[in-house]
A.B. asks: 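The structure under discussion is supplied below as structure tokens; questions concerning it will follow.
The chain is numbered in sequence order, starting from 1.
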Amino acid sequence: MLVGFGSYKGSVIAGRGWGARMQDMQLPEAKKGSWEYLLHEAGKADKLLIMDDLAANDMLMEHHIGHRAVGVVYNAAYEQYGNYVPSILPIRYDAFIYLNETKALHPLHLEPHGRETPQTYPFGV
């Protein structure tokens with residue numbers, strides 16, 4: 001099962017480029033017309049969308065709508081140019097979790113202390 005995430009605004013932990021230092025970054029309000037904007041306009045509550053429920057909706061299945069790409073790398077300076085991926089969410093994901101406003105998480109320690117096995121072993125997160 002593939003689950004996508006989206007947020008209207010808030011903050012995230014990411015780097016400005018691959019290999020860059022992680023930092024707390026502001027996530028501006030979503031671009032008008034994007035999935036995140038439309039879900040915000042539908043009501044400010046957080047939402048869980050099960051895509052099987054949306055697959056019969058021709059409007060959603062036939063139109064690519066921008067979906068904000070935030071991951072390990074994010075740069076708010078590109079918000080209007082390159083952070084949105086044209087997406088048909090019911091094809092891209094099995095489910096989608098929408099959070100109206102996010103707050104950046106505090107990252108786990110990335111380096112183990114001494115000979116202690118990291119709590120995230122074997123995943124290295």
A.B. asks: So, taking the atom named CD in Glu41 and the one named NZ in Lys32, what distance separates them when rounded to the nearest 0.5 Å?
C.D. replies: 8.0 Å
A.B. asks: Could you walk me through whether Leu49 and Leu39 pass the side-chain contact (heavy atoms from CB on, under 4.5 Å) check?
C.D. replies: CA-CA 10 Å; Leu49 305 176; Leu39 290 167; 4.0 Å; yes
A.B. asks: Under 4.5 Å between any side-chain heavy atoms of Phe96 and Leu48, yes or no?
C.D. replies: no
A.B. asks: For Ile50, is there any backbone N or O sitting under 3.5 Å from a side-chain donor or acceptor partner on Asp94?
C.D. replies: no
A.B. asks: Run the side chain to side chain contact (heavy atoms under 4.5 Å, CB included) test against Lys31 and tell me which residues pass, sequence neighbours left out.
C.D. replies: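 Side chain to side chain contact (heavy atoms under 4.5 Å, CB included) list for Lys31, sorted by chain: Tyr84.
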A.B. asks: Spell out, yes or no, whether Met1 and Phe5 are grouped together once hydrophobic residues are joined by side-chain heavy atoms under 4.5 Å, including indirect joins.
C.D. replies: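 Met1 clusters together with Phe5.
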A.B. asks: In Å and rounded to the nearest 0.5 Å, what is the OH to CG distance from Tyr78 to Asn83?
C.D. replies: 9.5 Å
A.B. asks: Quick test of your reading: applying salt bridge (Lys or Arg N to Asp or Glu O under 4.0 Å), list the pairs with at least one residue in residues 7-19, sequence neighbours left out, ordered by first then second residue.
C.D. replies: none
A.B. asks: Would you please name every residue forming a side chain to side chain contact (heavy atoms under 4.5 Å, CB included) with Leu99, sequence neighbours left out?
C.D. replies: Asp46, Ile97, Thr102
A.B. asks: Under the side chain to side chain donor-acceptor pair (under 3.5 Å) definition, can you give me all pairs with a residue in residues 53-69, not counting sequence neighbours?
C.D. replies: Glu36-His67, His67-Tyr93, Arg68-Glu79
A.B. asks: Please, which pairs that meet side chain to side chain donor-acceptor pair (under 3.5 Å) have at least one residue in residues 19-30, sequence neighbours excluded?
C.D. replies: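 Those involving residues 19-30 are Tyr8-Glu29.
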A.B. asks: Running the 4.5 Å side-chain criterion over Ile, Leu, Val, Met, Phe, Trp and Tyr, what cluster does Ile88 land in, apart from itself?
C.D. replies: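 Its cluster partners, ordered by chain and number, are Met61, Ile91.
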A.B. asks: Among pairs that include at least one residue of residues 95-105, which meet salt bridge (Lys or Arg N to Asp or Glu O under 4.0 Å), considering only residues two or more places apart or in two chains?
C.D. replies: none
A.B. asks: Counting only N and O atoms by type, is there a donor-acceptor contact under 3.5 Å from the side chain of Ser11 to the main-chain atoms of Ala104?
C.D. replies: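 Answer holds: yes.
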A.B. asks: Kindly give the cluster partners of Tyr74, where membership spreads through any ILVMFWY side chain lying under 4.5 Å from a current member.
C.D. replies: Val12, Met25, Leu27, Val70
A.B. asks: Apply the hydrophobic cluster definition, ILVMFWY joined by side-chain contacts under 4.5 Å directly or through others, and give me every member besides Val73.
C.D. replies: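 Members alongside Val73: Trp18, Val72.
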A.B. asks: Between Ser87 (side chain only) and Val85 (backbone N and O only), is there a donor and an acceptor less than 3.5 Å apart?
C.D. replies: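 Indeed, once roles are kept as given, a pair shorter than 3.5 Å links the two residues.
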